[in-house]
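Note that the structure is predicted; figures quoted are calculated from it, not measured. Proteins get letters first, then strands, A, B, ... in listed order; numbering begins at 1 in each.
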2 protein chains.
Amino acid sequence: MGNDPMTLAGTRERLRSRGLRWTPQRRAILDVLAATDGHITSAELVERCRLRDPETTGSTVHRTLDLLERLGLVRHSHGHDGRLEYHVLPSTEHGHIICESCGATSEIGPDAVRGLVAALEEQSGYRIDLNHLAIAGICATCR
Amino acid sequence: MGNDPMTLAGTRERLRSRGLRWTPQRRAILDVLAATDGHITSAELVERCRLRDPETTGSTVHRTLDLLERLGLVRHSHGHDGRLEYHVLPSTEHGHIICESCGATSEIGPDAVRGLVAALEEQSGYRIDLNHLAIAGICATCR
DNA sequence: TTAAATGCAAAGGGTTTGCACCGGA
DNA sequence: TCCGGTGCAAACCCTTTGCATTTAA
């Protein structure tokens, strides 16, 4: 449940309607992304695609991710090591809290920060995008 | 006022007490950082150092930044383009709110988020580092 | 058929590293 | 003098790009 952040069929149609093609590689990438919770580096994505098709190449994966980002299905950022990290757009808006020590992440639901967001929006004049909320700290285990 | 995030003299002593050296290059880098508000990419830092000494090299700047990070004077992260970005540690703890459209940033003071931070710390078990709080949104001008 | 997509390999761009020389303390 | 720092250039790593080939439609 709550496990359907992107519809494969919908993507296929979306591609076709733009004259783009639905290939086995793209299907594999979408499958992996659909099974991804939160974010994934391109290297991880390549690796998981190779479980299905060992011939998967990095350039195709990168190009497909660019495409998916243009379609609005994923968003990229850069991890603590500077590598590309793709976030599967979540069905429910949420932020992340990241451990500075071990890199573990947890989600922050909208409820936890609703009051703050309202206050900040008023104070700063910004309209806040909760999906890009990233808070750093030290997790319980590392402390 | 509030414009003295790192004392040059203090850094010099800190280095010396560890058997490390106070060089013209390090002095230039510290001077530039002291005049930096918020964050700076390593390329910008190199460029500004070259205004003072055109011979400044990237490797020295990078190595010095590593050192300063170990000393706790700066912190690195990765900008939207993936390049290294160094944050001069502020005297007063604060976070940032960033416009997704134009890239403008504003500071978020501790007061604005105190309640949230307390709630999140309890809920997540993390000890939150407010200096790494980054919130994305669309600023008033871009809306 | 035909333009999009792929795969390979090479190019890019920023960061890091090895090493000989330099220079604070 | 002695070790840490510097500068240069090469090495690295990940990402992007050019181009010939494959393939979805």
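Atom CZ of A:Arg83 is separated from atom C1' of C:dT15 by 15 Å (rounded to the nearest Å). When rounded to the nearest whole Å, the span between NE2 of A:His78 and C1' of D:dC13 equals 14 Å. Computed from coordinates, the A:Leu45 CG to D:dT15 P distance equals 11 Å when rounded to whole Å. Atom CG of B:Asp66 is separated from atom P of C:dT15 by 11 Å (rounded to the nearest Å). Between the CG atom of A:Leu65 and the C1' atom of D:dT16 there is a distance of 13 Å, rounded to whole Å. Distance B:His80 NE2 to C:dG13 P: 16 Å, rounded to the nearest Å. Regarding A:Glu55, its CD atom lies at a distance of 13 Å from the P atom of C:dA9, rounded to whole Å. Taking atom NE2 of B:His62 as the reference point, atom P of D:dG5 lies 17 Å away to the nearest angstrom.
Ionic pairing of B:Arg27 and B:Asp53 is not present here: no N-O contact between side-chain nitrogen and carboxylate oxygen is shorter than 4.0 angstrom. Salt bridge A:Asp129/A:Arg75: present, at least one basic N to carboxylate O contact under 4.0 Å.
No side-chain donor-acceptor contact under 3.5 Å links B:Glu85 and B:His76.
For A:Arg16 and D:dA25, a side-chain-to-base donor-acceptor distance below 3.5 Å is absent, hydrogens and geometry of angles not being considered. For C:dC8, the base has a donor-acceptor partner in the side chain of A:Ser59 [N/O atoms by modelled type, under 3.5 angstrom]. At a cut-off of 3.5 angstrom, counting only N and O atoms as typed in the model, there is no donor on one side facing an acceptor on the other between the side-chain of B:Arg21 and the base of D:dG5.
Taking CD1 of A:Ile29 as the reference point, atom NE2 of A:His62 lies at 10.5 Å (rounded to 0.5 Å).
Looking only at side-chain heavy atoms (C-beta outward), B:Thr41 and B:Asp81 stay at 4.5 Å or farther from each other.
Within 4.0 Å (heavy atoms only), B:Gly19 reaches sugar-phosphate atoms of the nucleic acid but no base atom. Within the nucleic acid shown, B:Gly58 has no heavy atom closer than 4.0 Å to any nucleic acid atom.
Comparing B:Arg63 and B:Thr23 by the nucleotide of DNA chain C that holds the closest heavy atom to each, the one mapping nearer the 5' end is B:Arg63.
In this structure, B:Thr60 reaches the D:dG7 phosphate: one of its side-chain N or O atoms is under 4.0 Å from OP1 or OP2. Put simply, B:Gln25 has no side-chain N or O that comes within less than 4.0 Å of OP1 or OP2 on C:dG23.
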